[in-house]
Amino acid sequence: MRLFLFTEWRFSCIIWQINFGSVVKTMAMIEFDEYKVKLTNIRPKLGELANSLGIESCNEELERLHAQIESDGFWDNQEVSQKIMKQARLMETKVEHYNKMCSHWDDLMTICEMAIEENDDSMLQELTDGYAQLEQQMEAARLETLLSGEYDNNNAIVSFQAGAGGTEAQDWASMLYRMYTHWVESHDLTYKILDYLDGDEAGIKSASILVEGPNAYGLLKSENGVHRLVRVSPFDANARRQTSFAAVEVIPEITDDSKDVEIRPEDIEMQVYRSSGAGGQHINKTSSAVRLIHKPTGIVVSCQTQRDQFQNRETCMRMLRSKLIEIKEREHLDKISDIKGAQLKIEWGSQIRNYVFMPYTLAKDTRTGYEMTNINAVMDGDLDGFINAYLTCAATGTWVTKS
């Protein structure tokens, strides 16, 4: 009797497993059908992206550029040939990224059709991950269409300046420096340190980096402004909540010599000092670092990356020239003499973004209204949401109005 009951129970379990497996498989096949519908719906958006990105005109321009590159005497003028090669590489990258998205869409649709036809649910996870990746690629391409400014594709010079508040503000400036360098590294961009001045006890008083890569300025221009931190200070023995400010300045690196800007030698005051940093055989032992002060505007630029003073001065001149051109064109000024150095008030009421660690965690942009509660992710460089929101608001004009 017991054997009979055990056999019946085991048989029931097998039937249940078969039925359960059948239900699971049926649900998986329904998901394949849903993904097929999703893929069908986003296919027209790929066509819209091709128009927005100007893929057809890019292909036509590439044919013309390749004909130039293959022509006799192309390398006779190195300066011109390098510019043409750079332009060709940028267009090739744009077309390649778009073609990869189309191929990715084709692969995902093939997975769907094969799975439905063969009643095979083994590739569901691959399809799920692939669709999420395609959505991210299309969103990145959509944002690229919003980067239509004259200098959006240029490299970016990003400067950090601690506000009033001593060690607390200097520590906040170093936290911002870390946040942006992490963002740069996660987006396959590169950066070079142009200037770095350590704080008295911790952090940094100021720093400047050159971010290099496609659309560096277009993506980072949203970060220009004052950033406010609220936290329990690690430098306060009484563990009181402190508010700190630091300014981030973002300008494009402008290398186009055709831009009309005159910098007279008599308008520049040059100061030299010893480089700060880890030190070494040469650094910190000679006055190789250079600081230039543009007297008519009060703009100050510094560089200490090279061992040679003249190379640092040349870098400073490029930084100064870029800053003067950017301010002149942003303010629609006719003369350089009308420019006054950017006077950001690094204080309450002037911030573009608040970072709150205490009593709750929140990072919120005051211009777009975009916010994230995972403050640790933000400080580790997760800034895409803020950048995307800024570009969308800039394109549509839908800024948050301050009450």
**Report entry** Any V211 side-chain heavy atom under 4.5 Å of L220 side chain
**Finding:** yes

**Report entry** Heavy-atom check, side chain of V290 versus side chain of C303, under 4.5 Å
**Finding:** no

Query raised in the report: Does a side chain donor of either S322 or E253 reach within less than 3.5 Å of an acceptor in the other side chain?
Result: no

Query raised in the report: Taking atom CD of E201 as the centre, does the number of heavy atoms from other residues, nucleotides or ligands within less than 6.0 Å exceed 12?
Result: no

Requested in this report: Assess whether side-chain contact (heavy atoms from CB on, under 4.5 Å) is satisfied between L362 and M372, documenting all intermediate values.
Outcome: CA-CA 6 Å; L362 179 70; M372 277 185 65; over 6 Å; no

Report task. Check E249 against N224 and note the closest heavy-atom contact, atom names and distance. Result -> CA-OD1, 3.1 Å

Query raised in the report: With a 4.5 Å heavy-atom cut-off, do V250 and I157 have their side chains touching?
Result: no

**Report entry** M270 atom CE, over 12 foreign heavy atoms within 6.0 Å
**Finding:** yes

Query raised in the report: So do Q351 and N354 actually touch side chain to side chain, heavy atoms under 4.5 Å?
Result: yes

Query raised in the report: Y180 vs H227 aromatic rings, parallel, tilted or perpendicular, using cut-offs 30° and 60°?
Result: perpendicular

Query raised in the report: Are R291 and D195 ion-paired here, with the side-chain N under 4.0 Å from a carboxylate O?
Result: no

Query raised in the report: Looking at I254 and N154, what are the two nearest heavy atoms and their distance?
Result: CA-ND2, 4.1 Å

Query raised in the report: If you take all heavy atoms of E139 and N388, which pair is closest and at what distance?
Result: OE2-ND2, 4.4 Å

Report task. Determine yes or no for a side-chain-to-main-chain donor-acceptor pair under 3.5 angstrom, with D171 supplying the side chain and T167 the backbone. Result -> no

Report summary line: Distance col, row I387:CD1 vs S222:OG, nearest 0.5 angstrom, shows 4.5 Å

**Report entry** Distance-minimising heavy-atom pair for F32 and C112
**Finding:** O-SG, 3.8 Å

Query raised in the report: Are any of the side-chain heavy atoms of F74 and V80 separated by less than 4.5 Å?
Result: no

**Report entry** Backbone N/O of P214 and side chain of N153: donor-acceptor pair under 3.5 Å
**Finding:** no

Query raised in the report: Going through the distances and angles, do Y355 and V378 end up as a side-chain contact (heavy atoms from CB on, under 4.5 Å)?
Result: CA-CA 9 Å; Y355 305 75; V378 173; 4.0 Å; yes

Query raised in the report: So, for M101 and A141, which heavy atoms are closest and what is the spacing to 0.1 Å?
Result: CE-CB, 3.7 Å

Query raised in the report: Measuring from K221:NZ to Y390:OH, what's the distance to the nearest 0.5 Å?
Result: 6.5 Å

**Report entry** Polar contact flag, side-chain donor to acceptor under 3.5 angstrom, Q125-D129
**Finding:** yes

Query - Check ion pair K295-E269 (N to O, under 4.0 angstrom) - result: no

**Report entry** side chain to side chain contact (heavy atoms under 4.5 Å, CB included) involving K38 - partner list, sequence neighbours excluded
**Finding:** Y35, Y131

Query raised in the report: What residues form a side chain to side chain contact (heavy atoms under 4.5 Å, CB included) with H187, not counting sequence neighbours?
Result: W183, L189, D384

Query raised in the report: Any sub-3.5 Å donor-acceptor pair from N59's side-chain atoms to I55's backbone N or O?
Result: yes

Report task. Please confirm whether the backbone N or O of G149 pairs with a side-chain atom of D152, one donor and one acceptor, at under 3.5 Å? Result -> yes

Query raised in the report: Are N312 and Q306 linked by a side-chain donor-acceptor pair shorter than 3.5 Å?
Result: no

Query raised in the report: Out of curiosity, E61 CD to L90 CG, how far, rounded to the nearest 0.5 Å?
Result: 12.0 Å

Query - Trace of the salt bridge (Lys or Arg N to Asp or Glu O under 4.0 Å) decision for R89 with E92 - result: CA-CA 5 Å; R89 282 194 296 270; E92 286 168 350; over 6 Å; no

**Report entry** Distance in Å, R321 CZ paired with I263 CD1, rounded so as to fall on 0.5 Å steps
**Finding:** 7.0 Å

Report summary line: Smallest heavy-atom separation, G218 atom then L391 atom, equals O-CD2, 3.8 Å

Query raised in the report: Counting heavy atoms not belonging to E117, are there more than 12 under 6.0 Å from its CD?
Result: no

Query raised in the report: Considering residues, nucleotides and ligands other than R241, do more than 12 of their heavy atoms fall under 6.0 Å from its CZ?
Result: no

Requested in this report: Using only heavy-atom distances, determine whether the side chains of T145 and S52 contain a donor-acceptor pair under 3.5 Å.
Outcome: no

**Report entry** Sidechain N-carboxylate O distance under 4.0 Å for E326, K323
**Finding:** no

Query raised in the report: Are any side-chain N or O atoms of W105 and backbone N or O atoms of L39, one a donor and one an acceptor, separated by less than 3.5 Å?
Result: yes

Requested in this report: Taking atom CD of Q82 as the centre, report whether more than 12 heavy atoms of other residues, nucleotides or ligands fall under 6.0 Å from it.
Outcome: yes

Query - Side-chain ion pair, K205 and D200, N-O less than 4.0 Å - result: yes

Query raised in the report: Does the pair E168 and R231 meet the rule for a salt bridge (Lys or Arg N to Asp or Glu O under 4.0 Å), with working shown?
Result: CA-CA 10 Å; E168 182 69 26; R231 66 170 178 177; 2.9 Å; yes

Report task. Flag the pair Y273 / S302 as yes when at least one side-chain heavy-atom distance between them is below 4.5 Å, and no otherwise. Result -> yes

Requested in this report: Verify whether the ring centers belonging to F160 and Y177 lie closer than 6.0 Å.
Outcome: yes

Query - Check: T373 main-chain N/O paired with T361 side-chain donor or acceptor under 3.5 Å - result: yes

**Report entry** NZ/NE/NH1/NH2 to OD/OE distance under 4.0 Å, R318 and E314
**Finding:** yes

Report task. Kindly compute the distance separating CG (L62) from CD (Q87), expressed to the nearest 0.5 Å. Result -> 9.0 Å

**Report entry** Carboxylate-amine/guanidinium proximity below 4.0 Å for D267 and R264
**Finding:** yes

Report task. Determine, step by step, whether D106 and M109 satisfy the side-chain contact (heavy atoms from CB on, under 4.5 Å) criterion, reporting the C-alpha distance in whole Å, the side-chain angles of both residues, the deciding distance to 0.1 Å, and the verdict. Result -> CA-CA 5 Å; D106 291 336; M109 182 58 80; 5.9 Å; no

Query raised in the report: Going through the checks in order, is the side-chain contact (heavy atoms from CB on, under 4.5 Å) test met by L46 and E48?
Result: CA-CA 5 Å; L46 277 172; E48 293 172 5; over 6 Å; no

Query - Validation row: L197, I204 side chains within 4.5 angstrom (heavy atoms) - result: no

Requested in this report: Would you check if there is a donor-acceptor pair between the side chains of Q68 and R64 at a distance under 3.5 Å?
Outcome: yes

Query raised in the report: Between CE of M319 and CG of L194, what distance do you get to the nearest 0.5 Å?
Result: 5.0 Å

Query raised in the report: Is it true that a side-chain atom of T366 and a backbone atom of I352 form a donor plus acceptor pair closer than 3.5 Å?
Result: yes

Query raised in the report: So do the side chains of I299 and I327 get within less than 4.5 Å of each other, counting heavy atoms only?
Result: yes

